[in-house]
Amino acid sequence: MEQTSTAKLAAEYVRLGGNRLAKIDDNQLSTRQWKHETRAAEVFWNEHIARLDERRRDEVITHLPTINQV
């Protein structure tokens, strides 16, 4: 099955060394970050994910590892 565009964005972010984790609680989505990420991942997040509208950004977040998976 082909990945959605939001899944591809999340996968690329993680591949670049991004380590933000999804926090999903009562259908409220956010990210947490305890470790520094690579410069490439930070730039990718800011240029490709942070600029998305809230609905699409939330879709990307659902594809990140969650704080419960660590």
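Along the sequence shown, residues carry numbers from 1.
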Flag side-chain contact, heavy atom, 4.5 Å: V60 against R56: no
Y13 side chain near E37 side chain, heavy-atom distance below 4.5 Å: yes
Roughly how far, to the nearest 0.5 Å, is the [atom2] atom of [Y] from the [atom1] atom of [X]?
X   : Y   : atom1 : atom2 : result
N19 : E42 : CG    : CD    : 11.0 Å
K23 : T66 : NZ    : OG1   : 11.5 Å
T31 : I24 : OG1   : CD1   : 11.0 Å
R55 : L29 : CZ    : CG    : 12.5 Å
K8  : H48 : NZ    : NE2   : 14.5 Å
H63 : S5  : NE2   : OG    : 8.0 Å

Give me the atom names and distance for the closest heavy-atom approach of [X] to [Y].
X   : Y   : value
L64 : A10 : CD2-CB, 4.0 Å
G18 : A41 : N-CB, 3.3 Å
I61 : W45 : CG1-CH2, 4.3 Å

Cationic N near anionic O, under 4.0 Å, E47 to R51: no
Exam field: side chain R57 to backbone L52, donor-acceptor pair closer than 3.5 Å: yes
